[in-house]
Colleague: 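Structure incoming, see below.
Keep in mind that this is a model prediction, so the values were computed, not measured.
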Amino acid sequence: MHRRTAVPALILAVLAAATAGAQEPANEPAGDDATAAAAALDDPAQPGTHHQHLARLAGRWRYTLKVWLTPDGEPVEASGTAEARTILGGRFLHTVYRGELLGRPYESWSTDGYDNQAKQYVGTWRDTQGTYTLIYRGSCSEEGAERTTTAELTDPATGTKFQIRAVTTIEDDDRYVYTTSLVLPEDTEFRNLELTAVRADG
């Protein structure tokens, strides 16, 4: 019900604003307050510096992958390709990873953006290892070279909830490293994934 009423309400609000503007005398120029208000409404919708940081990762990549199934175990290694592109006018970066993991075809979709109003990075991750959707939130270093985000995941076997901490480190325009670590309920943490990507279209 809320979705059905939200759009008409938004339309009414826009019409009301337009009507109010039309009632203003034509010979009265808009003041500084009106200009500032319009700028405040426009700015949050536009891509900025943080979106430029994300756009650095657009392109085609080759990656190598290490996955640790247990803290003390040997990693499972794999490799594959990735293709990343900016979408929705440069507001988000959408990346598709493809390869083989544990003897089966593997694919994951990552969509990352920066919320100007919340002032944080927000991303989603989906893959063929499960039916979950991970929602990451976090921040990056001032120069944008390192982005750290966290998400919550429920263990399908036990129902236990734990955090995943993801770090993306841009070493240069042609190489980046993506790692995830599991933060377990007893506050222990171990790195369970390390992906190293090298640009394939440079």
Side-chain angles (χ1 to χ4, degrees), residues 43-68 71 75 77-99 101 106-130 132-154 161-184 187-202:
D43 286 347
Q46 301 305 315
T49 301
H50 292 284
H51 302 90
Q52 294 173 9
H53 296 331
L54 292 170
R56 289 181 64 186
L57 300 183
R60 294 172 55 249
W61 303 83
R62 295 187 304 270
Y63 71 81
T64 56
L65 180 68
K66 294 181 180 179
V67 177
W68 287 264
E77 298 189 13
S79 61
T81 61
E83 185 168 352
R85 61 189 178 92
T86 56
I87 59 175
L88 299 178
R91 291 168 175 81
F92 299 91
L93 179 75
H94 181 66
T95 307
V96 178
Y97 296 91
R98 293 185 175 93
L101 183 63
Y106 172 79
E107 183 172 327
S108 64
W109 289 17
S110 171
T111 303
D112 299 292
Y114 182 81
D115 188 327
N116 287 333
Q117 293 174 303
K119 299 188 184 305
Q120 64 178 349
Y121 284 85
V122 181
T124 59
W125 179 282
R126 300 175 176 91
D127 60 41
T128 53
Q129 296 297 105
Y132 47 75
T133 297
L134 298 179
I135 302 175
Y136 286 92
R137 300 178 186 275
S139 60
C140 78
S141 58
E142 185 174 347
E143 71 281 4
E146 185 172 282
R147 174 165 35 103
T148 302
T149 56
T150 59
E152 187 177 83
L153 178 65
T154 301
K161 293 184 178 181
F162 55 88
Q163 273 196 336
I164 298 179
R165 185 169 64 88
V167 179
T168 303
T169 303
I170 303 176
E171 297 186 348
D172 55 47
D173 287 339
D174 297 321
R175 179 184 172 94
Y176 72 89
V177 178
Y178 174 79
T179 65
T180 63
S181 299
L182 302 182
V183 183
L184 303 177
D187 289 333
T188 59
E189 179 177 330
F190 79 95
R191 179 172 295 186
N192 71 312
L193 181 147
E194 180 180 291
L195 181 150
T196 301
V198 178
R199 191 175 292 278
D201 56 2

Colleague: Below 4.5 Å, heavy atoms only, C-beta onward: do Leu134 and Ile164 meet side chain to side chain?
Modeller: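 With C-beta onward as the side chain, the pair touches.
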
Colleague: Side chains of Leu65 and Leu101, heavy atoms from C-beta outward: is any pair under 4.5 Å?
Modeller: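 Side chain of Leu65 against side chain of Leu101, heavy atoms only: contact under 4.5 Å found.
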
Colleague: Pairs under 3.5 angstrom only: tabulate donor-acceptor contacts from the side chains of residues 48-56 to other protein residues two or more places apart or in another chain.
Modeller:
residue, atom, partner, partner atom, Å
His50, ND1, Tyr121, OH, 2.9
His51, ND1, Gly48, N, 2.8
His51, NE2, Tyr114, O, 3.0
Arg56, NE, Asp173, OD1, 3.1
Arg56, NH2, Asp173, OD1, 2.8

Colleague: Rounded to the nearest 0.5 Å, how far does CG of Asp172 lie from OH of Tyr176?
Modeller: 13.0 Å

Colleague: Enter the distance from Cys140:SG to Glu146:CD here, rounded to the nearest 0.5 Å.
Modeller: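 Between atom SG of Cys140 and atom CD of Glu146 there are 9.5 Å.
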
Colleague: Applying side chain to side chain contact (heavy atoms under 4.5 Å, CB included), name anything that partners Arg191, two or more places apart in sequence or on another chain.
Modeller: Trp68, Thr179, Ser181, Glu194

Colleague: Around atom CD of Glu143, are there more than 12 heavy atoms from other residues, nucleotides or ligands closer than 6.0 Å?
Modeller: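 Yes, because the 6.0 Å sphere around CD of Glu143 holds more than 12 heavy atoms from other groups.
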
Colleague: What I'd like to find out is whether the side chain of Val183 reaches to under 4.5 Å of the side chain of Phe162, using heavy atoms alone.
Modeller: no

Colleague: We want to know whether Thr81 and Arg62 form a side-chain donor-acceptor pair, criterion being a heavy-atom distance below 3.5 angstrom.
Modeller: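 No, no side-chain donor-acceptor contact under 3.5 Å.
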
Colleague: Identify the heavy atoms of Leu193 and Leu195 that sit nearest to each other, and give their distance.
Modeller: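 Where Leu193 meets Leu195 most closely, the heavy atoms are CD2-N, 4.0 Å.
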
Colleague: Name all residues meeting the side chain to side chain contact (heavy atoms under 4.5 Å, CB included) criterion together with Ala166; count only those two or more places apart in sequence or in a different chain, and write none if there are none.
Modeller: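 Residues passing side chain to side chain contact (heavy atoms under 4.5 Å, CB included) with Ala166: Tyr136, Thr149, Tyr178, Thr180.
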
Colleague: Taking only residues two or more places apart in sequence or in another chain, which ones pass side chain to side chain contact (heavy atoms under 4.5 Å, CB included) with Glu77?
Modeller: Lys66

Colleague: Mind checking the CZ-CD spacing from Arg85 to Glu83? Nearest 0.5 Å is all I need.
Modeller: 8.0 Å

Colleague: Using side-chain heavy atoms (C-beta onward) and a distance below 4.5 Å, is Trp109 in contact with Thr95?
Modeller: no

Colleague: Tell me if a side-chain donor or acceptor on Asn116 pairs with a main-chain N or O of Gln46 at a distance below 3.5 Å.
Modeller: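 Such a contact is found between Asn116 side chain and Gln46 backbone.
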
Colleague: Could you tell me which non-hydrogen atom of Ser108 sits nearest to which non-hydrogen atom of Tyr106, and how far apart they are?
Modeller: CB-OH, 3.4 Å

Colleague: Please tell me if the side chains of Ile170 and Val177 come closer than 4.5 Å, counting only heavy atoms from C-beta onward.
Modeller: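 Answer no - side chains too far apart.
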
Colleague: If you look at every heavy atom in Asp127 and Gln129, which pair is closest and at what distance?
Modeller: OD1-N, 2.9 Å

Colleague: Quick one: do Asp115 and Arg137 make a salt bridge, cutoff under 4.0 Å?
Modeller: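 Here Asp115 does not pair with Arg137 in a salt bridge, since their nearest N and O are not under 4.0 Å apart.
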
Colleague: Can you sort out the partners of Tyr63 under ring pair (Phe, Tyr, Trp, His ring centres under 6.0 Å), two or more places apart, ordered by chain and number?
Modeller: Tyr97

Colleague: Applying side chain to side chain contact (heavy atoms under 4.5 Å, CB included), name anything that partners Glu152, two or more places apart in sequence or on another chain.
Modeller: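 For Glu152, the residues satisfying side chain to side chain contact (heavy atoms under 4.5 Å, CB included) (neighbours in sequence not counted) are Lys161.
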
Colleague: Within a strict 4.5 Å, meaning less than it, do heavy atoms of the Thr111 and Leu93 side chains meet?
Modeller: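 Heavy-atom side-chain distance check fails, nothing below 4.5 Å.
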
Colleague: Between Tyr132 and Trp125, does the ring centre distance come in under 6.0 Å?
Modeller: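 No, the ring centres sit 6.0 Å or more apart.
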
Colleague: After noting the C-alpha distance and the side-chain angles of Glu107 and Arg98, does the key distance pass the salt bridge (charged side-chain N to carboxylate O under 4.0 Å, His left out) rule?
Modeller: CA-CA 5 Å; Glu107 183 172 327; Arg98 293 185 175 93; 3.6 Å; yes

Colleague: Taking all non-hydrogen atoms of both residues into account, name the closest pair between Pro47 and Arg91 and its distance.
Modeller: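 The answer is CG-CG, 3.8 Å.
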
Colleague: Determine whether Gln163 and Glu189 make a side-chain contact, defined as any pair of heavy atoms from C-beta on separated by less than 4.5 Å.
Modeller: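 Not touching, per the 4.5 Å side-chain cut-off.
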
Colleague: Before giving the answer on side chain to side chain contact (heavy atoms under 4.5 Å, CB included), spell out for Val167 and Arg147 the whole-Å C-alpha distance, their side-chain angles and the decisive distance to 0.1 Å.
Modeller: CA-CA 6 Å; Val167 179; Arg147 174 165 35 103; over 6 Å; no

